[in-house]
Number of protein chains: 2
Amino acid sequence: MDGNDIIEWLNEGVDQWVSGQSVDCVILGYGNHTLYILAMKWKGIESWTLPGGFIFKNESMDQAATRVLKDRTGLDFPFLKQFHTFGNHDRRDETQVDRELAVLGIKNPKVVSWFKQRFITTGYIALVNIEDCELQQDPMSDDIAWHPVENLPSMLFDHKEIIETALQQIKIQINYLPVGLSLLPEKFTMKDFQKLYECISQVELDRANFQKKILKLGITERLEKQMGGGAHKAPYLYKFDEQKYQELLDKGIGFMS
Amino acid sequence: MDGNDIIEWLNEGVDQWVSGQSVDCVILGYGNHTLYILAMKWKGIESWTLPGGFIFKNESMDQAATRVLKDRTGLDFPFLKQFHTFGNHDRRDETQVDRELAVLGIKNPKVVSWFKQRFITTGYIALVNIEDCELQQDPMSDDIAWHPVENLPSMLFDHKEIIETALQQIKIQINYLPVGLSLLPEKFTMKDFQKLYECISQVELDRANFQKKILKLGITERLEKQMGGGAHKAPYLYKFDEQKYQELLDKGIGFMS
DNA sequence: ACAAAAGTGTTTATAATACACCCATGA
DNA sequence: TCATGGGTGTATTATAAACACTTTTGT
């Protein structure tokens, strides 16, 4: 999309979108024993933003979030859940909006005042398998990339706060969310799973006890060994029994203390 | 407030409020071993609504919720927390809006279209001590009353769903919310506390084990006995050590399995 | 004196924790 | 053959659950 297309897209959009409301997605991925968050860079601005969007008048908030996620990652039915709505009246920094509008060459007063109005945004948590994603930029961005949670770039507006709130919520709800099922690849080792838990909960776990507990839950199926991981005994690969995993979550039974 | 006052209040309000956004409070109280929710009855309509309101352009969502709660109950600093935003585009039943507008005699097109626009609402949970509340009707209501959770009246729009979501959330988060501190009177018996837990969690607990566990937490202080409760041993009254209670919650340590 | 409900104690089962041991692997 | 990390076992401790026994109260 070049400059004129964007202007056209916005001119049409502002009539079709619900005013003053947006959704932002904290999309979490996992790989190399590290948690990542997907972020985009607004054109001509050195701050990154969460993948977000506006809400069409004939769609629900949940549908808008699903659409945003699909547009950025290509995924159809990932785990997606609202977690908090950010409603401070001064949450958007007007100078950053001004700069972006200047970069995009937007002068249409209707569009300008659209962007300058007060916005509340509802944050959604998405848990995805990085390898399944086909990243796609949005019209206002010129980059989209995974960033390690431990090393986030400078973020626009209150997006850092949104991420922190999301991570906190996931930590609290870890035993009620399909973190393993959604974030791990189809085949994984117990170590992968354990490190994922440790990344999210920020607590170190005992290797032996973790393994026993997970196995006892009966949500995994043991596959072949993963050879070639180094000079040591090869670990088994596992995959999830999705149905049993889901049943455990539905019952609200956590599986770590 | 009579009819003309309301019309005047609305005419002014629609210019000062953020459009398309509201807050609704699920205000929980406890007494007689029963959970209650505060609801109001819109004038001339046989449905009850949650105490709610619109958001002034210069206040945050949280401030709006705090204001609504203060206006209805007189309380200044009760426990209040956002729990979910309801964003379906068809969540408000237009015929009910029409009827209410007719009852109030509202014809000003600006006000009519204000009420007929799409609204999202953010739900807040409040935990209050019933005895501390001084209930106050809002301009559009002609009744305000506590309703047992087990026996709610017919509710407007999706307010039943909002209540159910709130109750579900409280159930999940029971060990991280100040349910005892906020819902019990200053002096209470262990039985009161236990029944409160049972009401919220919908699980029956063992009397002896409950008592031991709570005592072991060290968040209570034993007071005099409560005589006159019937032909049986008199139970002790307790009060909370607020600081220690709060410390427990902050650490995220639940106190029931 | 009795029934009702409170306080406290005991036993048993279950789960969490810590750590030890041996094994398979690639260098 | 050796260091590394993996699988599994065991002893210990802590917590949860079930229930029994005694005490206090008003009638």
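Quick note on labels: first sequence line is chain A, next is B, and so on, each numbered from 1. Model, not experiment: these values are computed from the prediction.
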Euclidean distance, atom OH of residue A/Tyr236 to atom P of D/dG6 [Å, nearest integer]: 13 Å
Considering only distance and modelled atom types, tabulate donor-acceptor pairs under 3.5 Å from the side chains of residues 32-40 of chain A, sequence neighbours left out.
| unit_1 | atom_1 | unit_2 | atom_2 | d |
| --- | --- | --- | --- | --- |
| A/His33 | NE2 | A/Asp192 | OD1 | 2.9 |
| A/Thr34 | OG1 | A/Asn32 | O | 2.9 |

With a 3.5 Å cut-off and sequence neighbours excluded, list the donor-acceptor pairs that the side chains of residues 156-165 of chain B form with protein atoms.
| unit_1 | atom_1 | unit_2 | atom_2 | d |
| --- | --- | --- | --- | --- |
| B/Asp158 | OD1 | B/Arg91 | NH2 | 3.1 |
| B/Asp158 | OD2 | B/Arg91 | NE | 2.8 |
| B/His159 | ND1 | B/Leu50 | N | 3.0 |
| B/Lys160 | NZ | B/Pro153 | O | 3.2 |
| B/Thr165 | OG1 | B/Glu161 | O | 2.8 |

Partners passing side-chain hydrogen bond (donor to acceptor under 3.5 Å, both in side chains) against B/Lys187 (at least two apart in sequence or in another chain): B/Glu224
Ring centres under 6.0 angstrom apart (A/Phe188, A/Phe240): yes
Nearest-angstrom distance from the residue atom CD of B/Gln211 to P of D/dT22: 19 Å
A/Asp142: partners by salt bridge (Lys or Arg N to Asp or Glu O under 4.0 Å), with sequence neighbours left out: A/Lys41
For atom CD of B/Gln226 and atom P of D/dT24, their distance in whole Å: 18 Å
Partner set under salt bridge (Lys or Arg N to Asp or Glu O under 4.0 Å) for B/Lys70, not counting sequence neighbours: B/Asp76
Under the side-chain hydrogen bond (donor to acceptor under 3.5 Å, both in side chains) test, residues paired with A/Gln82 that sit two or more places apart: B/His84
Euclidean distance, atom CZ of residue A/Arg222 to atom C1' of D/dG7 [Å, nearest integer]: 8 Å
Interatomic distance, A/Lys216 NZ vs D/dG7 C1' [rounded to whole Å]: 17 Å
Separation of D/dA16 C1' from B/Leu205 CG (nearest whole Å): 12 Å
B/His147: partners by ring-ring contact (aromatic ring centres under 6.0 Å, His included), with sequence neighbours left out: B/Trp48
Interatomic spacing from OH in A/Tyr197 to CD1 in A/Ile174 - rounded to 0.5 Å: 5.0 Å
A/Gln194 CD - C/dT17 P separation (whole Å): 13 Å
Closest nucleotide among D/dA16, D/dT8, C/dA16 to the B/Lys213 side chain: D/dA16
Gap between atoms CD and C1', on B/Glu224 and D/dT24 respectively (whole Å): 17 Å
Degree of bending, the helix from C/dA1-D/dT27 to C/dA27-D/dT1 (end axes from five pairs; round to 10°): 0°
Letter per nucleotide, 5' to 3', of nucleotides 18-27 of chain C [B base touched, S only sugar-phosphate touched, - untouched; heavy atoms, 4.0 Å]: BB---BBBB-
